[in-house]
Amino acid sequence: MPLIKMENIVKEYPMGKARFTALKDINLSVEKGEFCGLIGPSGSGKTTLLNIVGALDDPTGGTAVVLGSDISGLSHRQAAEMRSRHMGFIFQTYNLLPVYTVYENVEFPLLIMKMADKDRKNKVNAALEWVGLSDKRKSRPGQLSGGESQRVAVARAIVKRPELVLADEPTANLDAENSHNILDMMVKLNRELKTTFVFATHDEKVISYLRRKIHLFDGKIVKDEPARGKE
Amino acid sequence: MMRFLIKGLLRDRSRSLFPVLTVSAGVFLTVFFYNFMQGVFADFVSSNARFDTGHVKVMTRAYAELADQFPNDLAILECGRLIDELRGMKSDMLWVPRIRFGGLLDVPDEKGETRSQAPVLGIGANILEEGSQEKKILNLEGALVEGTLPRSADEILISRDFAERLGVKTGDTATLIGSTMYGSMAMYNFRISGMLRFGMVALDRSTIVADIEGVREALDMRDAAGEILGYTRDMVYSDEKMTELAEEFGRRFSGSDDEFSPVMLPLGRQRGLGEYLSLVKSMGSIIVAVFMVAMSIVLWNSGLLNSLRRYGEIGVRLAMGEPKGALYRRTIAESVIIGIIGSAAGTLAGIAISLYLKYVGLDYSGVMQNSTVLIPNEIRTDVNFTSFYIGFIPGLIASVLGTAFSGIGIYRRQTANLFKELEV
Ligand SMILES: Nc1ncnc2c1ncn2[C@@H]1O[C@H](COP(=O)(O)OP(=O)(O)OP(=O)(O)O)[C@@H](O)[C@H]1O
Ligand SMILES: [Mg+2]
C-alpha cells in the first residue's frame, strides 16, 4: 500500500463571492522510502498540497489517504495524533523556539508524544549526533548560523523517527554549501532509516537531489518523472 | 510538558515579566485602594461612634423615638445603676453616660446685660472623672486650639468659630439658658476654659462640651443621662456583634411596654448609618469589578501582541502534532500561573503599604490646620482578612480572561491558515 494516495484532489479557497481553485484534480501516490519533490513556480499549489498531505488542511474534493487514514475523515485530535507520531515538518524559516536551547527544541516533539524521560534523552542525543550538533546542545537559536538552525530543525523533524518528512522550501534561506550539507544529510537519513521525504521547492539545488520530480503548474500535475538523484 | 512550558515562560520576559508586572500593579492598586477606602469609611464610622452613636447607644424607649431633639425630660434615671448592670452584662466594653442638650448661650457685659446670644448645642461627657476614657474618645486634647481642658464641673470648652461669633475669650463667663429635666427654665454660668475645632461646619457653628456633672447640675439631672454609649475596647465596630448585644439587652431589659424602659440600638440602626455600612460592604465588589475589567483589557491586549509574536511557536507546535485544545489549555494554565504570581506579589506590596499606613499613619497635619474632634489628622488604612484575598479575584480572573480572549482568535482559526501565516 502506498504511503500517500491522492485521488481527484480539489482545493478551493473562497475569494470574495467567487472561489479560487488552488488544486485541480490531483492524482498522486507516493511509496515508502521515496525521495521526491513537488516542483513548480510560485503560486502553483505546492504548499497547499503539502498541507493536505500533512493533515493540516482538508481537501475540498477527492480522497487523500495518508499513512492508511483518510484525511477528510480525521478529527482535529486524530490529525494531531498522526502528525505527532508519524510526521516531521521542516520549514523555510526554521521556526525554532527562541527561548529554548537546541536540545530542548529537539526534545519538544517527544514531549508532545509524552515519551518517557530516558527514551527521550537517548533519542535527542542521537538526533543531534545525526546532524552534527552535539556540541551546540546548550546554545539558543539566536546564537546559531542559518545552516546550523536548519540542521536543528532537521533534527527536530527526525528525532521521533517519523515515516514521513515534509519539507517546504527547506533551503530557501541557505547558501549553496549549507544547502548541500542539509540535503546530503537528508539523503543519508532516507537511505539508512527508509524515511520518506516529500519536498516542495523551486530550488535547483534541491531538485538535483530528487529521485522523483512531480511538476505542478496552476494547480495541476503537469509532469511526474523519475530522476537519478544525487547520492 | 508543563515543566517545559514554565521554563519557556520564565525565560521569555515579555510573556512572564510584563504580565506579572501588570497583574501585580493592578492587584496592588486593588488591595491598597480597598484598604484605603476601608480606612476612610472606618474613620467616618468611628467619628460618628465617638461623637454621637457609640457602638451601641442605650436610651429610654421614649427618648429613642425623639432622639434628634435630645428630649432630656425622657432621660434615663438612676443611670449609675444601669451602667453597673451594663458592665455586669458586658464587662469587656466601655460604658459612658452622655447628655446632649440644646439652649441659648448668653454672654453678659460688665453690667450683667446681654452682650451677645446664640442657640447652642451641648454635649456633656465624663471628662473630669479619674481614669475616664472620654477625653480620648472625643479627641479633646488633639482638637484643643486654645486654653485648657475643664478642671472643674463649671468649666466648658467652646468651638472657636462659635466663640468668635459670640465675641468671647478663654476665661470669660457665659450663661446657658435651657430647660431642666422637669420642664422649668434653667440658667447656669459656665467659665470658658478652652476652645476646640470640631471639623464640621455645622458643629463648629454652635457646639460646646462640658463635664457631665456640670450639665447635671445645670439641668437638674442628678444621676440621669440622656444616653449611655457603649464601645468595644479595641474601638472597632462589628455590626453583627453589636446587633447581637442589642438583641440580648432587649430580651433582658426592655421586656415591658413601659416607655421609660431602656432600649439599646447598635450604630448600624442609628441615623441611617446602616445603609452606609452596607455600602461599605459592597464597595469591595465594586473596586474588584473596576480593576478586573481594566486589567482584563490591558492583559487581553498584551496577550494579543504576544500571540502575534508567538505565531511561529503556535504553528510549529500544531505541526508537531500538539492538539489545538491542549495548546489552548496549556496557554490558559500559563496565565493561571502568571495570575497567581502577580496577585501574590501585588497583594504583598499592597498589604505592606497598608499596614504601614495602618500603624504609622500618614500625618497630613502639615496640610490641614489641626486635628479636630471628628477628623483625626491622619490617613489610616485598614487591613482585614478580605485584604489578603481580594486582589486575587481580579488578578487571576483578568489574567485568565485576557489570555482566553486573545487566544480565541488562534483557536478559531483554521490550522492551515495559521500554518501559512507563520511561513511569511
Ligand atoms: N488561504 C488562502 N485563501 C485564498 N487563496 C489561497 C490561500 N492559500 C493559498 N492560496 C492561493 O492558492 C495558490 C497556491 O498557493 P500555494 O501557497 O500552494 O503556492 P506555492 O506553490 O506554495 O507557492 P510558493 O512557491 O510561492 O510558496 C496561490 O495562488 C495562493 O494565492
Ligand atoms: Mg509555498
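Chain identifiers are assigned alphabetically (A, B, ...) following the order of the sequence lines, protein sequences preceding nucleic acid strands; residue numbering begins at 1 within each chain. Any value given below was found using the heavy atoms of this structure, including those in side chains, with hydrogens, waters and symmetry copies removed. Here the structure is a predicted model, which is why all the values come from computation and not from measurement.
More than 12 heavy atoms of other residues, nucleotides or ligands lie within 6.0 Å of NZ in A:Lys32, so this atom counts as buried by the packing criterion. With a 6.0 Å radius and a threshold of 12 heavy atoms from other residues, nucleotides or ligands, A:Lys24 has its NZ atom above the threshold. In the displayed structure, A:Lys205 atom NZ is contacted under 6.0 Å by more than 12 heavy atoms of other residues, nucleotides or ligands.
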Enumerate, atom names and distances included, each donor-acceptor pair closer than 3.5 Å involving a side-chain atom of residues 335-355 of chain B, sequence neighbours excluded.
{"from": "B:Ser335", "atom 1": "OG", "to": "B:Ile332", "atom 2": "O", "distance (Å)": "2.6"}
{"from": "B:Ser343", "atom 1": "OG", "to": "B:Gly339", "atom 2": "O", "distance (Å)": "2.6"}
{"from": "B:Thr347", "atom 1": "OG1", "to": "B:Ser343", "atom 2": "O", "distance (Å)": "2.7"}
{"from": "B:Ser354", "atom 1": "OG", "to": "B:Asn35", "atom 2": "ND2", "distance (Å)": "2.8"}
{"from": "B:Ser354", "atom 1": "OG", "to": "B:Gly350", "atom 2": "O", "distance (Å)": "2.6"}

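Pairs passing the side chain to side chain donor-acceptor pair (under 3.5 Å) check and including a residue from residues 105-114 of chain A, sequence neighbours excluded, read A:Glu107-A:Arg120.
Here the side chains of B:Met320 and A:Phe89 are not in contact, with every heavy-atom distance at 4.5 Å or above.
With a threshold of 4.5 angstrom between heavy atoms, A:Thr101 approaches chain B through its backbone and through its side chain. Contact of A:Arg156 with chain B is made through the side chain alone, with heavy-atom distances under 4.5 Å.
A distance of 11.5 Å separates CD1 in B:Ile314 from CG in A:Asn95, rounded to the nearest 0.5 Å. Once rounded to the nearest 0.5 Å, the distance linking CZ of B:Arg317 with CZ of A:Phe108 reads 4.0 Å.
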Open item on the list: Could you go through A:Phe91 and B:Val316, starting from their C-alpha distance and side-chain angles, then the distance that decides it, and tell me whether this counts as side chain to side chain contact (heavy atoms under 4.5 Å, CB included)?
Closed with: CA-CA 9 Å; A:Phe91 313 96; B:Val316 167; 4.0 Å; yes
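Side chain of A:Arg77 to main chain of B:Pro323: no donor-acceptor pair is present (N/O by atom type, distance under 3.5 Å, no hydrogens or angles).
When all heavy atoms of B:Met1 and A:Ile112 are compared, the pair lying nearest together is CE-CG1, 4.0 Å. Closest non-hydrogen pair, B:Gly321 versus A:Arg83, comes out as CA-CB, 3.9 Å.
Residues of residues 4-11 of chain B that come within less than 4.5 angstrom of chain A, heavy atom to heavy atom, are B:Phe4, B:Leu5, B:Lys7, B:Gly8, B:Arg11 in numerical order.
Remark: B:Phe32 pairs with no residue by the ring-ring contact (aromatic ring centres under 6.0 Å, His included) rule, at least two apart or across chains.
Of all the listed residues (A:Met113, A:Glu81, A:Met87, A:Glu104), the one sharing the greatest number of non-hydrogen pairs under 4.5 Å with chain B is A:Glu104.
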